[in-house]
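Chain A is the first sequence line, chain B the second, and so forth, proteins listed ahead of strands; every chain is numbered from 1. From a predicted model like this one, the values you see are computed outputs, not experimental measurements. Just so you know, these numbers use all the heavy atoms, side chains as well, and skip hydrogens, waters and symmetry mates.
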Amino acid sequence: MFLINTKRVIISGYRNFMRSGFTSLASVLMMVITLSVITSLIFVKTTLTATLNDVRDKVDINVYFIPGAAESDITNIQSDISKLPEVKSVTYTSASDAMTAFKAKHANDYLTLQAFDELGSNPLGASLDIKAKDPSQYEEISKYFENDNAVSQNTSNIVDKIDYHQNKVIIDRLTAIINGAQKLGFVLSLVLVLISIIITFSTIRLIIYMSREEIGVMRLVGASPRYIQGPFVVSGVLVGVAASLITILMFIPISIWLGNQMTDFIGINMFTYFKDNFIQLFIIMLGCGVLIGGISSSLAISRYLRK
Amino acid sequence: MIYFNNVTKKYVDNVSLDNVTISVSAGEFVSIVGHSGAGKTTITKLILAEEFPTEGTIFFESTNINTLSKRELTNFRRKVGVVFQDFRLLSNKTAYENIAFAMEALGRDNEQIEIDVPHVLDLVDLTNRSSHFPHQLSGGEKQRLAIARAIITQPELIIADEPTGNLDPLNAKEVINILKKLNDLGTTVILTTHNRDVIDQVGKRVITLENGRVVRDDKDGKYVI
């Protein structure tokens, strides 16, 4: 009997959805808006994360060594620093590499290059470019060169300068912006998603309110509350399924446009991201649509099924 | 079968039923008459436990229907068929599906539904309208469909609340004839109306209400107000 009733509930819900025409369309469109907001937020979060990673990648500490410092001493320091848990990577630039890079950078600046040549020897020292796993950890890394520990003992004589203190303000500000943007993004996402869920819930509630007399009739002919509720929940779930299909189709041209027009500006190709994550995105939309539709219908109808 | 024991129903600003005591035996055809606001519909709502009395008790056989749990109430309602003046059909279902719904709600199997529904459609002369939706039917057809839905589960009691209110005399006569036939087959019928012709056509017990009180209870089917 359970299987027969389940089949009847599903068929009845499907028929209600198909026969309600304009009302079903209205619910589906509201749900499309909600799912579009959710998908847009996923896109925004992806863009934000990519941008933040890009910014993070540009933040580093440069340790400059005095000219003539022994390469073995510097590589020993590189090895020690690499072992620190906060450190993501350490890149060594020798004095001659620094010179080559400098000349390449000023290839069109004849006066500077001439002055350089007149010096006779290489005035530039070697350097280490240190990247931390998180921008907030640069201060900790910097302390290793200042404190009285194994690293600082080896470095005290050969370190010319560490640009952390010069960059500290910028690094601190960037760290604060990154953390703030993430927190704000989370709160804004939550608020937007909540608003769109409330709007969809209200639409479904209004539609069920219009059916309240029919619900009363169903009760009077002896249908159990669950048997009355079932088809409405099925219709709500179908609203979610239809809306997720429409939304995913809608985002194909949107992501193509974003990929073509906005990749340079936002730093990530949205169409590539959409294509690579198509199944996950569709599952998220389908899951959200089905849950919002099903739960909204279930909650909206329950008030008409009380004794 | 039905027993109202000193039942009073008060709403915020008026008394709809005032200390009413009536009983209806199994197999009876009882017409309840009275002007608008006399309390006729309140009686049907109280029998269906859509509303509860302010004072007094209502029994269906030996059960006080106001103490039933949600599940017991659902089971009780399955014993009662209801016909309304405004038909109250399910607008998204065809005539066939409207009738089948009542059987499905009771958990009847598909084979039984496929046998009984066409039979009842034939009984109310709606066989050729079975795939039509309520908005595609005339008033008389809608009411016959409502009756078909009410009788498909073979209830012990049929409550018809102003079933002829929206019908022309010809359709009204047809509906009353169906109710009389059902009563002849042993179903108890409670009919509320303010239509004199309908009462004359039925010719059975008439309870007259006035301002929420029972003022007459005649066995011989007279309409006196």
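- Interface residue A/M218: backbone and side-chain heavy atoms are both found under 4.5 Å from chain B.
- B/K70 and A/P225 make their closest contact through CE-CG, 4.2 Å (heavy atoms, listed as atom of the first residue, atom of the second, distance).
- Counting heavy atoms of neighbouring residues, nucleotides and ligands inside a 6.0 Å radius, atom CD of B/Q154 does not exceed 12 of them.
- Atom CG of A/L249 is surrounded by more than 12 heavy atoms from other residues, nucleotides or ligands within 6.0 Å.
- The neighbour count for A/R212 CZ, taken as heavy atoms of other residues, nucleotides or ligands under 6.0 Å away, is above 12.
- Across B/R78 and A/V221, no two heavy atoms sit closer than the pair CG-O, 4.5 Å.
- At least one side-chain heavy atom of A/V217 sits under 4.5 Å from a side-chain heavy atom of B/R149.
- Of the atoms belonging to B/F76, not a single heavy atom falls under 4.5 Å from chain A.
- Enclosure of atom NE2 in B/H132 by more than 12 non-hydrogen atoms of other residues, nucleotides or ligands within 6.0 angstrom is indicated.
- A distance of 10.0 Å separates CG of B/L106 from OG of A/S224, quoted to the nearest 0.5 Å.
- Within a 6.0 Å sphere centred on CZ of A/F22, other residues, nucleotides and ligands contribute 12 heavy atoms or fewer.
- The shortest heavy-atom contact between B/N92 and A/E214 is N-OE2, 4.4 Å.
- Crowding of A/E213 atom CD: a count of heavy atoms from other residues, nucleotides or ligands under 6.0 Å not exceeding 12.
- Annotation: the span from B/T94 atom OG1 to A/R19 atom CZ amounts to 6.0 Å, rounded to 0.5 Å.
- Within 6.0 Å of atom CZ in B/R205, more than 12 heavy atoms from other residues, nucleotides or ligands are found, so the atom counts as buried in its surroundings.
- Taking both residues in full, the closest heavy atoms of B/R108 and A/R8 are given as O-NH2, 2.5 Å, listed atom of the first, atom of the second, then distance.
- Neither the backbone nor the side chain of B/T153 comes within contact range of chain A; no heavy atoms are under 4.5 Å apart.
- Contacts of B/D109 with chain A are made by backbone atoms alone, with heavy-atom separations under 4.5 Å and no side-chain atom involved.
- With a 4.5 Å cut-off on side-chain heavy atoms, A/S12 and B/K93 count as touching.
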